[in-house]
Structures are given as structure tokens and as C-alpha cells.
Amino acid sequence: MIEETAEKIRSMEIRGAGLIARAAASALKDFALNVEASGLEEFDRAMKQAAGVLLRTRPTAVSLANAVRMVIRHRAKDLDSARMEVIANAERFIERSLKAVERIGEIGSRRIREGDTILTHCNSTAALAVIERAFRDGKEIRVVATESRPRYQGHLTIKRLDEVGIPTELIVDSAVRSVIEDVDLVVVGADVITANGSLVNKIGTSQIALCAHEARKPFMVAAETYKFSPDTLMGELVEIEERGPEEVLENYREFKHLRVRNPAFDVTPHQYIDVICTEVGAIPPEMSYIIIKEWLGWEISDKEMQTSYFPEKL
Ligand code: RI2
């Protein structure tokens with residue numbers, strides 16, 4: 001079950017930062033339910049090993065690390081209570097995560113006005129929640145969606161918007177600057193928000209933010225609190241996942257002097273972000289530390305913080 005879910009996340013059959021986190025929580029729940037262990041120590045060891053397999057699938061998404069950590073942490077003193085606690089943790093995480101997306105839709109949609117044209121990039125459940133909520137509230141809106149090469153997650157976005165009934169234009173990623181004057185605001189999701197409020201999101205996001213900044217168009221990020229990275233408080237840099245060259249150029253092997261690069265994410269500096277809509281409120285990026293401290297429970301001085309939560313240190 002763990003390996004199966006890990007493979008689906010690796011191959012991006014399961015994708016999107018929130019979905020990955022929920023899938024990991026659900027896999028850990030099943031694992032906790034079924035794993036054979038003679039005692040608490042063996043159970044913890046098995047849980048950590050399973051967590052490591054999931055964590056190694058997609059290195060950038062902090063939602064995965066936050067979910068795994070929230071699920072496997074327990075204070076139980078015996079095997080049965082530990083099992084129950086882990087299962088309850090997983091259920092709580094999944095429920096809260098789904099509620100968070102709904103609440104983000106509610107909060108974020110307040111920034112969308114009647115007649116707005118919204119540009120979005122890639123395929124984000126949280127960003128779509130904002131857009132769909134505005135539409136359901138009766139606002140007449142339009143969307144411009146990018147293709148989001150090389151994996152074309154933009155196609156998932158236009159499919160969803162079409163089902164909902166929102167008029168949408170599809171553009172190639174490089175057309176953003178040409179159309180930005182027709183756009184009223186940008187709404188994107190997040191893979192990671194760092195302690196200083198910068199955004200790590202699908203490759204191309206930072207170019208869009210730059211265009212929006214130049215054109216003085218508001219740039220909104222829709223992100224659950226578990227997309228904020230406690231690790232960055234201790235100066236850790238977010239690892240940017242590099243995916244295979246075949247995603248960009250199928251016949252890349254035919255070239256002798258070519259190296260195809262495929263970074264999956266890029267970093268948008270906090271100066272280009274107007275607001276981050278979370279389930280606990282719409283905050284300026286500079287307030288990210290508060291989210292990490294108050295909502296994720298990490299402090300700069302935290303001892304445990306020094307050890308981070310990557311597999312080998314779990
Ligand atoms: P939600 C996606 O990553 C995109 O970068 C998207 O903006 C982000 O996850 C957030 O998605 P990928 O898995 O959690 O397609 O809002 O690489 O759905």
C-alpha cells in the first residue's frame with residue numbers, strides 16, 4: 001500500500017500538493033492499521049520507514065512532509081494506543097485539509113469582483129476553490145489558464161472550469177505577458193511558502209508574478225497552512241525537484257551535445273505577492289512566520305527544529 005501510493009505520487013498519477021498530502025496520510029493510516037509489530041518500538045520503526053518511502057517521492061512539496069509528521073507523531077505508551085492515535089491523526093489531517101480548501105475558497109473569493117478576469121497557472125485545487133466560489137456566488141468572471149508545460153496540468157484546469165461553466169481562455173505559458181493587460185488579478189496555488197513569505201510553485205509562476213508586478217496586477221496565492229515550511233525557519237533551502245528530460249523532449253537521446261533541464265518548480269520572491277489566502281485568513285507574505293509559529297507550532301528556538309523532519313532524521 002505504501003509503495004503503491006509512493007509510486008502514484010512519483011509518477012504524478014496523484015499530484016497537486018494538497019492531494020499528495022492527503023494520499024500520504026491515507027496510506028499511513030492503512031499501514032498503521034495493518035502493520036504487524038511486536039511492540040511500540042517496532043511499530044514506530046515501521047511507521048518511520050513507511051514515512052521515509054513517501055517523503056522521498058517528491059522532494060519539494062512540504063505538504064507531504066507536514067502531513068507525514070502530523071500523522072506519525074503520537075504520545076502513546078503502548079502499541080494499541082499508538083496505532084489508534086496515528087489512525088486518528090490521519091483522519092483529522094484529511095478532514096482538516098478538505099475543510100481548509102473550502103475555507104480558502106470562501107476567503108479568497110472576497111477579493112474577486114464582478115467582471116474580473118483571473119489568470120491562473122498549473123492546476124491547483126486551492127486556487128480553483130477561490131475561482132469556483134466567486135462564480136458560485138454569482139460573480140460573472142472569466143479565467144485565463146496557462147498550459148503549464150511540460151506536464152500540461154493546465155488541461156486539467158480548463159476541464160474543471162468547463163465542467164463548472166466558467167468561460168476560460170487557454171494560452172501557452174509564454175503568452176502571459178501578451179495578455180496580462182486583459183487580466184484583473186492572478187490566482188495561483190502553492191507547493192511551499194517559506195518563512196520569509198516567498199512562494200515555491202509550478203515552474204513559470206515567478207515569470208507570471210514578474211509580469212503581474214510590472215503591470216500592477218494583484219498576485220494572490222491560495223495555500224493551506226500545511227504548505228508553509230518550518231524547515232526554512234532554520235535556513236534550510238527548499239529543494240527544487242528536477243524531473244526527467246523525457247517530459248520535455250521525448251527523443252532527447254538523439255542529441256549528442258544537449259542537456260534538457262526540467263525543474264518542476266521556481267521561487268517567487270515575497271515582494272511580488274500581494275496576499276496569501278490560507279484557511280485562517282488572508283495574510284501578507286511577511287506574516288508567514290506567524291503561520292509557522294501559531295498554526296504549525298514551530299518556534300525559532302525549538303530544539304526539535306534543529307533536527308528537521310526528513311527521512312533520515314525522523
Ligand atoms: P494544490 C502542483 O504541483 C502545482 O504546482 C500547484 O500549484 C500546487 O501543486 C498546489 O496544488 P504538481 O504536483 O494543493 O502538479 O492547490 O507538481 O492542489
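Remember, it's 1-based here, ligands and their atoms both numbered in the order they're listed. Only a predicted model underlies this, so the values are computations on that prediction, with no experimental measurement involved. For the single chain, residues carry numbers from 1 onward in sequence order.
- Listed by atom number, the atoms of ligand 1 under 4.0 Å from Cys122 heavy atoms are 4 (C).
- At the shortest separation from atom 15 (O) of ligand 1 among protein heavy atoms lies Arg15 NE, 2.6 Å.
- Put simply, Val143 and Phe135 are part of the same group of oily side chains (I, L, V, M, F, W, Y) that touch within less than 4.5 Å, one to the next.
- Taking every heavy atom of both residues into account, Ile112 and Ile131 meet most closely at CD1-CA, 4.4 Å.
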Does the side-chain contact (heavy atoms from CB on, under 4.5 Å) test come out yes or no for Leu185 and Met220, once each step is laid out?
-> CA-CA 7 Å; Leu185 80 158; Met220 180 204 290; 4.2 Å; yes
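- Scanning the protein for heavy atoms near atom 7 (O) of ligand 1, the closest one is Asn201 OD1, 2.6 Å.
- Between Lys202 and ligand 1, a contact under 3.5 Å exists for at least one N or O pair.
- Hydrophobic clustering places Phe228 together with Leu199 (ILVMFWY residues linked when any side-chain heavy atoms are closer than 4.5 Å, directly or through intermediates).
- Polar contact check, Ile20 against ligand 1: no nitrogen or oxygen pair lies under 3.5 Å apart.
- For the residue pair Asn262 and Glu242, no side-chain donor N or O sits within less than 3.5 Å of a side-chain acceptor on the partner.
- Using a 4.0 Å cut-off to heavy atoms of Lys227, the atoms of ligand 1 that qualify are 1 (P), 14 (O), 16 (O).
- Of the protein's non-hydrogen atoms, Ala190 O, 3.3 Å is the one closest to atom 10 (C) of ligand 1.
- For ligand 1, one of its N or O atoms has an N or O atom of Ala17 under 3.5 Å away.
- If you check which protein heavy atom lies closest to atom 16 (O) of ligand 1, you get Ser124 OG, 2.7 Å.
- When all heavy atoms are compared, the tightest approach of Ile87 to Ala32 is CG1-CB, 4.2 Å.
- Contact atoms of ligand 1 toward Arg58: 12 (P), 13 (O), 17 (O) (distance under 4.0 Å to a heavy atom of the residue).
- Ranking the protein heavy atoms by distance from atom 14 (O) of ligand 1 puts Gly18 N, 2.7 Å first.
- At a 4.0 Å heavy-atom cut-off, ligand 1 touches Ala126 through backbone and side chain alike.
- No single ILVMFWY cluster, assembled from side-chain heavy atoms under 4.5 Å apart, contains both Ile107 and Val188.
- Considering only heavy atoms from C-beta on, His270 stays 4.5 Å or farther from Thr194 through its side chain.
- Nearest to atom 8 (C) of ligand 1 among the protein's heavy atoms is Asp191 OD2, 3.3 Å.
- Across all their heavy atoms, Val248 and Arg149 have their closest contact at O-NH2, 3.4 Å.
- The minimum heavy-atom distance between Thr5 and Ala23, with the atom names listed, is CG2-O, 3.8 Å.
- Remark: distances from the non-hydrogen atoms of Leu19 to ligand 1 are all 4.0 Å or more.
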List the steps and the verdict of side-chain contact (heavy atoms from CB on, under 4.5 Å) for Lys227 and Asp191.
-> CA-CA 6 Å; Lys227 307 264 177 78; Asp191 286 273; over 6 Å; no
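- Look at Glu241 and you'll find every heavy atom at least 4.0 Å from all atoms of ligand 1.
- Between Thr125 and ligand 1, a contact under 3.5 Å exists for at least one N or O pair.
- In this structure, Met12 is part of the shell of residues with a heavy atom less than 4.0 angstrom from ligand 1.
- At a 3.5 angstrom cut-off on N or O pairs, Ala222 does not count as close to ligand 1.
- Applying the 4.0 Å criterion to heavy atoms of Phe265 picks out, from ligand 1, the atoms 3 (O), 5 (O), 17 (O).
- At a threshold of 4.5 Å between side-chain heavy atoms, the hydrophobic network of Ile, Leu, Val, Met, Phe, Trp and Tyr places Ile193 and Met287 in one connected group.
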